[in-house]
Amino acid sequence: MLSYQATKILSYYQDLDLSKWGYGKKNLSVKAKKLKDDEKNVATPLKRKQDVPTCHLEKKRLPLMNYTSHERRYNWTSRRPEFSENYPCDIRSLGNEEKRELLANIEQAVAFVTTMIFQDGSSQLNSEQALTSSVKGIVILVKNQTDRLCSPSYSSSDRIRNAADERDKLIYLKTECSSLWEQEEQAHKKFAWRVLFQMMRRKVPVICFNAKDFLRTVLQIYGNEISWKQVADSVVLDPRIAAWLINPSDTVPSFECLTEKYFEKSFSMETENTDTGTLRNASVSSLRLLLLADTDAYSYLALQVQGLWKLFCTLELPLIKILAGMKPAQNKTLHLFHTALRLKELEQEAHQIAGERFLLTSSSQLREVIFILLLLTKLSLSKLQDLHPLPKIMLEYRQGFISSTWNQTGTVTGRISSKHPNIQGISKHPVRIVKKQYIKGKEEEIVTISPRALFVSKKGYTFLAADFSHIELRILADLSSEPELLKLFQEPETTDIFTTLASQWKGIPSEEVKQADREQAKRVVYSVVYGAGKERLAECLGITPLQASHFIESFMQKYKKVNEFTKKTIEQCRTKGYVVSIMGRKRPLANINAQDYKLRTQAERQAVNFVVQGSAADLCKMAMVEIFTSVVTSPTLTARLIAQIHDELLFEVEDSQIQEFSETLVKFESHDYFKLTSIRNILHYNLSI
DNA sequence: TCTATTCCGGACCCA
DNA sequence: GTGGGTCCGGAA
């Protein structure tokens, strides 16, 4: 009934062929054999950071980027030669002829390796991610076709002298605008835009560590010139995502850590020049970018060996661009606040009162702000100074938009996480706020407010929420092949699924199922699946543990295959050391064979949960990719993703396109799970597919 | 001994 | 029972 074929995903990555870029097939298979042995390491008890296949010296000889003797560069014990000519060339210093040459170069490049440079001189490759520092520029290594490495005349000494091929170009694009109004600056920006535009238009790899941040920045800076649809055209590769797939529990591997893991020795950057004012302090040399390219290449080797390649190409890589192009949501209250702030006197007051510093990123503090705004509408503005002190940081939120950060590698199960604020954690239900007023003689005021309703779409646009219905239960039904459970989903969804389930389970007509029965059924299902004990279930349901265990037993009796499924999953995990989702996502569970009962049973629950939760994440990502590609390839559609709440996708759709967009959704392969539930703001409808 | 920062567990929200 | 983020207060 349900098919999990992922092969039909329309994606630019579909035809991703390593050999085209010098990942020789011959080499691959040889290396693959060696890696196979390492694969076993996954299941062995981990020293925490070492659950990535360890690499040995010979693996340094990577087939990528055509340097036969480049391993010499990884001889860390020897002194690194100076590569002064390999520091970036600022494109502003180029003459017209050189610019033309560069563009021609880009047209023929086989790959690009790139990183952002921050204000403080650090790059994306530095371990301390400079979150405070803003972006200063972009360094790009333009790799050109060089087949001559096959030629024996190209000696290693040549290679050492020119770490990068001489036809490779290392360029620097300044992005910070000091004096935007100057004509010269404008011309530079335009040329930088052209370089980036052409780079992304080419269907060759753009290798970047933390590619999402890179793309987002590009969109931010050149938002007027480069649309998110054009960014979607690029073929970005991110070794960090690869590393996360191989070892999902290591959620923040730095570039240094990765090179250490893959190439054994750490690559010290002590020789980096710290001068200021010159481009040398860009802390990026072609050497470093080549190392990034090699890290990238090595990751893919490991991905292929572990069977993660397809998952990587069909889901994770396209997702980078989707997350990069996600639109910040406009918040009604912040917008109002902005409007209010525009009033001159109020702005002054705001500055005066501002003393207490707090972030808007927390929901409770957000509520405070909301409350202030509610008061604003009721009270005269002159009384504002008597109210809560206003945060300075508020000024940053003037536009009234909330843009949270979406993290692709933040979970072990393959789900996406969000922070600042955590949009996925915003309360669904109305919140009660009791606020003391600092105005003499006024009583306390209670306000209820629905935090989600505060997000509003642009004028002329509508929020469209599309979500999976009971996705985890469906996956469970499918994976366990439990006939009774499958029957639930074969019938058209006329009544509530848990009501039907309760009637089926208890053998009573669905009309007689009470709310309490339904609740029980729901709880029991999830408890049994995820291995909750009778005590926990009893606590949830407000019954005695004895009654709870009766429930569990009768459920197991009725749906035998579910129990078989969990047992099978655990068994498989014991022998292999890891569990696999429907799309082949892996989670190593070292404790599955532990002596300690507590640790072992926890690993068992995690194993079962991963298969279900991870598979659900896979399907949701598939939907995201499919919807995204169909919007991108459509000449008319402009729908943009606002948020992803695990099994729900929130889009902002042009009013005139609602029909067309809805029809697009219907086509998806995952449609067995997918349905539109609601469209806020204007429309409300329920569409069962 | 006091103050300031950092860390960690627990509580809450979400799926 | 699993997977997240954020807040808070107490310990270091």
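Chain identifiers are assigned alphabetically (A, B, ...) following the order of the sequence lines, protein sequences preceding nucleic acid strands; residue numbering begins at 1 within each chain. The structure displayed is predicted, hence computed values, not measured ones.
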Which nucleotide wins on minimum distance to the side chain of [X], given the candidates [options]?
| X | options | answer |
| --- | --- | --- |
| R605(A) | dT2(C), dA15(B), dG4(C) | dT2(C) |
| R587(A) | dT6(C), dT2(C), dC14(B) | dT2(C) |
| N422(A) | dG4(C), dA15(B), dT2(C) | dG4(C) |
| R415(A) | dC14(B), dG3(C), dT2(C) | dG3(C) |
| K419(A) | dT6(C), dG4(C), dA15(B) | dT6(C) |
| S417(A) | dA15(B), dG4(C), dC13(B) | dG4(C) |
| N609(A) | dG4(C), dT2(C), dC14(B) | dT2(C) |

Could you check whether [X] gets within reach of a base, just the sugar-phosphate, or nothing at all, counting any heavy atom under 4.0 Å?
| X | value |
| --- | --- |
| V412(A) | sugar-phosphate |
| T413(A) | sugar-phosphate |
| Q613(A) | base |

Could you state the atom-to-atom distance from [atom1] of [X] to [atom2] of [N] in whole Å?
| X | N | atom1 | atom2 | value |
| --- | --- | --- | --- | --- |
| I475(A) | dG3(C) | CD1 | P | 17 Å |
| L537(A) | dT2(C) | CG | C1' | 15 Å |
| K428(A) | dG4(C) | NZ | C1' | 16 Å |
| Q424(A) | dC12(B) | CD | P | 21 Å |
| Y530(A) | dA15(B) | OH | P | 14 Å |
| M624(A) | dA15(B) | CE | P | 16 Å |
| I423(A) | dA15(B) | CD1 | P | 13 Å |
| F455(A) | dC14(B) | CZ | P | 14 Å |

Show the nearest heavy-atom pair for residues [X] and [Y], with the distance to one decimal.
| X | Y | result |
| --- | --- | --- |
| I497(A) | F489(A) | CD1-CE2, 3.5 Å |
| L308(A) | K586(A) | CD2-N, 4.1 Å |
| S615(A) | I475(A) | C-CD1, 3.7 Å |
| E482(A) | K560(A) | OE1-N, 3.4 Å |

(request) Could you label the plane-to-plane angle of the F555(A) and Y559(A) rings as parallel, tilted or perpendicular, counting under 30° as parallel and over 60° as perpendicular? (result)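 Ring orientation, 0 to 90° scale: tilted.
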